[in-house]
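Counting starts at 1 for both ligands and their atoms, following the listed order.
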Amino acid sequence: MRFDGKVALVTGASRGIGRAIAVRLGSGGARVVVNFARNQAAAEETAHLVRQAGSEALVIQGDVADPEAAEAMVKAAIGGFGRLDILVNNAGITRDTLILRMTLEDWEAVQQINLRGTFLVTKAALRPMLRQRSGRIVNLSSISGRMGNAGQANYAATKAGIIGFTRSLAREVASRGITVNAVAPGYILTDIWNDVSEEAKQKAIEMIPLGAPGRPEDVAEAVAFFASDAAAYITGQVLNVDGGMLMS
Ligand code: NAP
């Protein structure tokens, strides 16, 4: 899958899955805008890896939940590289706890970044894509949003919401040559699991038919497929990348 001449914006690309997506798109020839929230050194490292893979990258700090920052990310793509072809809404957080212990702040923090952030960056990115009459939007959902997960009511609600958002937007913009799809990872080894107990991680592994957690690169391949010309006739779909954890 090649992306020569294409420009991609990947939110939350300083670490984990976002970094793997940025590097995968860059190695396919896309010029990549690397967004991050706090971790500048890690974002610069992602940009370095994109350049090492043979492409160009620029780094932009910004909270996806901030409307001005969302606009600035898209402006950075247009200003730096002249266009925007691929948006990957990857930035996401968890605040796991059982519902009776969940505070309104736990609920709202996850909504802000996972759902409001996806909405804001998508809205900003749609303008140039509509003008170009082409574009690819790939949203990060989660199998938690499809099957539910005790302790993740807030997170699962946002990840299920992303599926509804993906399908509605796919219908709205299909006639303009823009596809919108989602990838739903299972248990992928990144920092997002840092606060999860060893016992819960072991339980998750026992639910995986392929017997092990996935790598960020496994998710990046699925995102690259949706972003590629090979997926031109696919829109409104959700692809699980979960070692068979959820078969539906
Ligand atoms: P991660 O390792 O925790 O990395 C999160 C990334 O999001 C970082 O780059 C972080 O930037 C960025 N970020 C956080 N808040 C942000 C904000 N307000 N604005 C912009 N960027 C922000 O997470 P991950 O595991 O790679 O997850 C990536 C996506 O995959 C998320 O949407 C997650 O829900 C989804 N997912 C992951 C798994 C999994 O098992 N890992 C499973 C299902 C779905 P800083 O470095 O600057 O903090």
Side-chain angles (χ1 to χ4, degrees), residues 9-24 32-47 49 59-74 76 87-96 108-121 124 138-149 152 154-163 165-166 182-196 200-201 204-205 207-208 212-220 222-223 238-243 245-246:
L9 164 60
V10 184
T11 66
S14 47
R15 296 181 277 125
I17 293 170
R19 171 183 283 180
I21 293 167
V23 174
R24 175 63 187 87
V32 185
V33 178
V34 173
N35 158 252
F36 72 101
R38 287 165 300 271
N39 205 332
Q40 172 125 21
E44 296 293 352
E45 175 61 17
T46 301
L49 293 170
V59 169
I60 181 157
Q61 192 278 334
D63 176 354
V64 290
D66 171 0
E68 283 175 16
E71 292 284 346
M73 290 170 211
V74 172
L87 167 64
V88 184
N89 283 305
N90 167 80
I93 62 161
T94 53
R95 286 279 184 92
D96 295 356
E108 286 183 341
V110 176
Q111 298 279 330
Q112 287 282 319
I113 295 171
N114 298 10
L115 265 183
R116 175 182 157 122
T118 296
F119 162 70
L120 287 172
V121 184
V138 186
N139 298 322
L140 268 290
S141 177
S142 164
I143 62 160
S144 286
R146 309 195 86 184
M147 61 189 264
N149 194 17
Q152 288 200 315
N154 51 356
Y155 178 77
T158 65
K159 294 300 180 175
I162 280 173
I163 294 175
F165 177 79
T166 298
V183 173
Y187 174 3
I188 308 296
L189 285 172
T190 70
D191 295 346
I192 215 169
W193 285 80
N194 286 355
D195 295 335
V196 177
K201 286 186 204 166
I205 291 173
M207 290 168 67
I208 303 173
R215 300 163 306 134
E217 291 75 16
D218 296 320
V219 181
V223 171
V238 185
L239 178 59
N240 298 347
V241 181
D242 65 349
M245 211 167 175
L246 173 66

Which ligand 1 atoms are under 4.0 Å away from a heavy-atom of [X]?
X: A91; answer: 7 (O), 20 (C), 21 (N), 22 (C), 32 (O)
X: D191; answer: 2 (O)
X: G62; answer: 19 (N), 20 (C)
X: S141; answer: 44 (C)

Measuring from [atom], which candidate in [options] has the nearest non-hydrogen atom?
atom: atom 36 (N) of ligand 1; options: Y155, F36, Y187; answer: Y155
atom: atom 23 (O) of ligand 1; options: N194, I192, V110; answer: I192
atom: atom 17 (C) of ligand 1; options: A37, G117, G92, G16; answer: A37

Just wondering, do [Y] and [X] contact through their side chains at under 4.5 Å, heavy atoms?
X: P185; Y: M245; value: no
X: I162; Y: L140; value: no
X: S14; Y: V34; value: no
X: Y187; Y: L189; value: yes

Tell me the contacting part of [X] for ligand 1: side chain, backbone, both, or neither, using a 4.0 Å heavy-atom threshold, strictly below.
X: N35; value: side chain
X: I17; value: both
X: P216; value: neither

So, 4.0 Å and heavy atoms of [X]: is ligand 1 close enough to count as a contact?
X: S144; value: no
X: R19; value: no
X: A184; value: no
X: G186; value: yes
X: T11; value: no

Minimal non-hydrogen separation, V238 against I163, with atom names: CG2-CG2, 3.8 Å

Shortest non-hydrogen contact from A42 toward R15: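 Taking every non-hydrogen atom into account, CB-CG, 4.1 Å.
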
Looking only at protein heavy atoms, which one is nearest to [atom], and how far off is it?
atom: atom 18 (N) of ligand 1; answer: D63 OD1, 2.8 Å
atom: atom 11 (O) of ligand 1; answer: S14 OG, 3.2 Å
atom: atom 1 (P) of ligand 1; answer: R15 NH1, 4.0 Å
atom: atom 28 (C) of ligand 1; answer: N90 OD1, 3.1 Å
atom: atom 40 (O) of ligand 1; answer: W193 NE1, 2.6 Å
atom: atom 24 (P) of ligand 1; answer: T190 OG1, 3.6 Å
atom: atom 19 (N) of ligand 1; answer: V64 N, 3.1 Å
atom: atom 7 (O) of ligand 1; answer: G12 CA, 3.6 Å

Test of proximity, [X] against ligand 1: N or O pairs below 3.5 Å:
X: I188; value: yes
X: A65; value: no
X: R38; value: yes

Check: [X] side chain, [Y] main-chain N or O, donor-acceptor pair, under 3.5 Å:
X: S141; Y: K159; value: yes
X: N35; Y: G62; value: yes
X: T46; Y: A13; value: yes
X: N154; Y: R95; value: yes
X: T190; Y: I192; value: yes

Given T118, N139, T11, N114, the one that forms side chain to side chain donor-acceptor pair (under 3.5 Å) with N89: N139

Take atom CG of N194 as the centre, draw a 6.0 Å sphere, and report whether it contains more than 12 heavy atoms from other residues, nucleotides or ligands. yes

Could you please spell out the steps behind the side-chain contact (heavy atoms from CB on, under 4.5 Å) verdict for V33 and I60? CA-CA 7 Å; V33 178; I60 181 157; 3.6 Å; yes

Over 60° means perpendicular and under 30° means parallel, so tell me whether F119 and F165 are parallel, tilted or perpendicular.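 Because their plane-to-plane angle is over 60°, the rings of F119 and F165 count as perpendicular.
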
